[in-house]
K.L.:
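Before I ask anything, here is the structure I am working with.
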Number of protein chains: 2
Amino acid sequence: MQSSKEKIRFAIVGSGNVATRLVDAFASVGQKPDFLLSNSINGRQLADKFNVNLIHQPDVEVDIWLLCVKDDAINAELGKHFPAGSLVCHTAGSVSMDVLKRNSKTGVFYPLQSLSKDKKVDFSNIPICIEAQSESDLLLLENLGSLISNDVRRLNAEQRRTAHLAAVFVSNFVNYCYRIGYDLLKAEDVDFSILQPLILETAEKAFFLNPHLSQTGPAQRGDQTIIQKHIELLESWPDYQNIYKLISNAIENGRH
Amino acid sequence: MQSSKEKIRFAIVGSGNVATRLVDAFASVGQKPDFLLSNSINGRQLADKFNVNLIHQPDVEVDIWLLCVKDDAINAELGKHFPAGSLVCHTAGSVSMDVLKRNSKTGVFYPLQSLSKDKKVDFSNIPICIEAQSESDLLLLENLGSLISNDVRRLNAEQRRTAHLAAVFVSNFVNYCYRIGYDLLKAEDVDFSILQPLILETAEKAFFLNPHLSQTGPAQRGDQTIIQKHIELLESWPDYQNIYKLISNAIENGRH
């Protein structure tokens, strides 16, 4: 069993958004990965940028392999490539660790954040959701995660799936609402920046109170006059009008 | 015409969220209102707290009356109470200034932000959307607004209505998405705080790029496997399932 004092040897697999941000995060705290496994041009560039040993096959000895690959590439075919004694973890929110079909030593290391190659983030407060089959593997992942984050959490598969689903609502769907605001304003020649203070305040407020208590607006007040005006304003945006009606109804149904 | 050097004499009408935050904002920069017009206990407390002259009738002389009252209280009945020479402004996003039915000297002073009695905000970056019937009245409102904000903008009625509608999407509906995340996590015993870094990053990212370019997630990728899993996970939340389907479809329709 790995002691917390020993240096953990680990490799990152991939060269996309998650791989890029993880290499950067570990390098930023002086703990760059021992290897980067990639066969793409992006991988070569990433390895060069952070001066990480680039490998093309999983033929080295490490404690942990962090698979930063597309969800549908996480499967038994991939799982069998890695040496038997090592801990092989994927980094996906909605994939079970069992799909790698290894007899033991699989795990999950899922950073709950929207990661882009082009935008650096402060990893120190990003929740890293870990799962593994043994307590010693969990401790190993806790040690690895705590190198870059103060918020490493043990989540079971069901909890992690739910966290990923919740993330779709609070990030992807929220971004779509931003996009609607952007489009509506653009049609009236108003700059999107006018919404920035409101957007940031709304995000903060959900945690100042909680999102049940911070719900405001015409639907929460049951203000049918404004709701009708808004629905009329959206006549030429049928997708947006449908979303307006559905969420307003849901808010009205849930009033308390 | 009011020169920008003269002190603007103004009164705030009301004692709710908007009145409270405006009194606080003007007081914070040493420019408290000359009068607070209110007949409620809240009004008495607000006037006491900020040491503002409380009045019960609009029987004083000021340059501007700022009506911080409910949308449906903004009407001709209210408009006729105020002295003829003064500029009477409401602070609502979706109400025309004409509904006050005064022959002249009406306007709008709409701070585009979610305001609560209990939560102080930094007014300096809040967009204040102004409208009036003459250039001199617009200048007067610009002078008043710039006492508390660096972002006073002239918006016509249509632009302001659109900004308010956009605000419903990016604040009220976004908050509802937060609430869905909260509810889903709570059912799995995961603390809502796990979403905080993601929520703040999503809000920032919309302005780092723009919300069209920052759209990510299963629907943007066209990942039907994950979408189907999520729809199944939402079986016992029909309202949330409908919202998931509708927004995912809209995102898929708008992919580029």
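Only this structure's heavy atoms are used, side chains among them; waters, hydrogens and symmetry mates stay out. Treat the numbers as computed from the prediction; the structure is a model and nothing was measured. To find a chain, count down the sequence lines: A is the first, B the second, and so on, and within it residues start at 1.
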K.L.:
As an exercise: rank A/Ile247, A/Thr202, A/Ile194, A/Leu246 by heavy-atom pairs under 4.5 Å with chain B and give me the winner.
P.N.:
A/Ile194
K.L.:
Chain A heavy atoms under 4.5 Å from B/Asp122: which part of the residue, side chain, backbone, both or neither?
P.N.:
neither
K.L.:
What is the ring orientation for A/Phe192 with B/Phe207, classed by angle as parallel under 30°, tilted 30 to 60°, or perpendicular over 60°?
P.N.:
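The arrangement is parallel - the two ring planes meet at less than 30°.
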K.L.:
Check for a donor-acceptor pair, side chain of A/Ser149 on one end and backbone N or O of A/Gly145 on the other, with a separation under 3.5 Å.
P.N.:
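No: the side chain of A/Ser149 does not pair with the backbone of A/Gly145.
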K.L.:
Heavy-atom pairs under 4.5 Å with chain A are the metric here; pick the option from B/Val95, B/Leu165, B/Leu184, B/Asn125 that has the most.
P.N.:
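Result: the option with the highest number of such pairs is B/Leu165.
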K.L.:
Is B/Asp191 close to chain A through its backbone or its side chain, or both, or neither, when contacts mean heavy atoms under 4.5 Å?
P.N.:
both
K.L.:
With a 4.5 angstrom heavy-atom cut-off, which part of A/Thr225 approaches chain B: side chain, backbone, both or neither?
P.N.:
neither
K.L.:
Charged N to carboxylate O below 4.0 Å: is that the case for A/Glu135 and A/Arg154?
P.N.:
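Result for this pair is yes, salt bridge flagged.
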K.L.:
Let me see the working for A/His212 and B/Asp183 under side chain to side chain donor-acceptor pair (under 3.5 Å), right down to the final yes or no.
P.N.:
CA-CA 9 Å; A/His212 281 266; B/Asp183 288 348; 2.7 Å; yes
K.L.:
Contact part of B/Asp72 toward chain A, heavy-atom cut-off under 4.5 Å: side chain, backbone, both or neither?
P.N.:
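B/Asp72 has no heavy atom closer than 4.5 Å to chain A.
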K.L.:
Non-hydrogen atoms of chain A under 4.5 Å away: do they reach the side chain of B/Ser193, the backbone, both or neither?
P.N.:
both
K.L.:
Select, from A/Ser214, A/Pro197, A/Pro127, A/Gly217, the one with the greatest count of heavy-atom pairs under 4.5 Å involving chain B.
P.N.:
A/Pro197
K.L.:
Taking B/Glu188 first and then A/Arg160, would you say they form a salt bridge - that is, a charged N and a carboxylate O separated by under 4.0 Å?
P.N.:
no
K.L.:
What part of B/Asn210 is in contact with chain A, defined as an atom under 4.5 angstrom from a non-hydrogen atom: side chain, backbone, both or neither?
P.N.:
side chain
K.L.:
Is the shortest side-chain heavy-atom distance between B/Tyr110 and B/Thr91 below 4.5 Å?
P.N.:
no
K.L.:
Does any backbone or side-chain atom of B/Val174 lie under 4.5 Å from a heavy atom of chain A? Answer side chain, backbone, both or neither.
P.N.:
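For B/Val174, the contact with chain A is made by backbone and side chain together.
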K.L.:
What part of B/Tyr178 gets closer than 4.5 Å to chain A, counting heavy atoms only: side chain, backbone, both or neither?
P.N.:
both
K.L.:
Locate the shortest heavy-atom distance separating B/Ser15 from B/Thr20; write the atom from each residue and the value.
P.N.:
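Minimum heavy-atom separation between B/Ser15 and B/Thr20: O-OG1, 3.6 Å.
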K.L.:
By a 4.5 Å heavy-atom criterion (distance strictly below it), what part of B/Leu115 contacts chain A: side chain, backbone, both, or neither?
P.N.:
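The backbone, not the side chain.
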K.L.:
Quick one: of B/Glu204, B/Glu158, B/His164, B/Lys205, who has the most non-hydrogen atom pairs under 4.5 Å with chain A?
P.N.:
B/Lys205
K.L.:
Could you look at B/Leu155 and say if it's the side chain, the backbone, both or neither that has a heavy atom under 4.5 Å from chain A?
P.N.:
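Answer is side chain: those atoms of B/Leu155 sit under 4.5 Å from chain A.
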K.L.:
Do you know which of B/Leu195, B/Val190, B/Asn249 has the most heavy-atom pairs under 4.5 Å to chain A?
P.N.:
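The candidate making the most pairs under 4.5 Å is B/Leu195.
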K.L.:
In sequence, state the C-alpha distance, the side-chain angles, and the governing distance for A/Gln113 and B/Glu201, and then conclude on side chain to side chain donor-acceptor pair (under 3.5 Å).
P.N.:
CA-CA 8 Å; A/Gln113 182 54 285; B/Glu201 175 70 8; 4.7 Å; no
K.L.:
Checking B/Asp239 against chain A: side chain, backbone, both or neither under 4.5 Å from a heavy atom?
P.N.:
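Only the side chain of B/Asp239 comes within 4.5 Å of chain A.
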K.L.:
Let me know if B/Ile180 has heavy atoms under 4.5 Å from chain A in its side chain, its backbone, both or neither.
P.N.:
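Side chain only.
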K.L.:
Determine whether A/Asn172 and B/Thr216 satisfy the following criterion, side chain to side chain donor-acceptor pair (under 3.5 Å), listing intermediate values before the conclusion.
P.N.:
CA-CA 6 Å; A/Asn172 306 151; B/Thr216 57; 3.3 Å; yes
K.L.:
Can you tell me which portion of B/Arg161 sits under 4.5 Å from chain A's heavy atoms? Options are side chain, backbone, both or neither.
P.N.:
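Both parts, backbone and side chain.
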K.L.:
Heavy-atom pairs under 4.5 Å with chain A are the metric here; pick the option from B/Cys129, B/Ser116, B/Pro211, B/Ala187 that has the most.
P.N.:
B/Pro211
K.L.:
Is the B/Phe169 ring parallel, tilted or perpendicular to the B/Phe173 ring (thresholds 30°, 60°)?
P.N.:
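Aromatic pair B/Phe169/B/Phe173 classed perpendicular.
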K.L.:
Any heavy-atom pair between the side chains of A/Leu67 and A/Leu100 that's under 4.5 Å?
P.N.:
yes
K.L.:
Side chain from CB out, backbone as N, CA, C, O: work out which of these in B/Ile251 comes under 4.5 Å of a heavy atom of chain A, or both, or neither.
P.N.:
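For B/Ile251, the contact with chain A is made by backbone and side chain together.
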K.L.:
Would you kindly say whether A/Glu252 and A/Gln224 are connected by a side-chain donor-acceptor distance under 3.5 Å?
P.N.:
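Short answer, yes.
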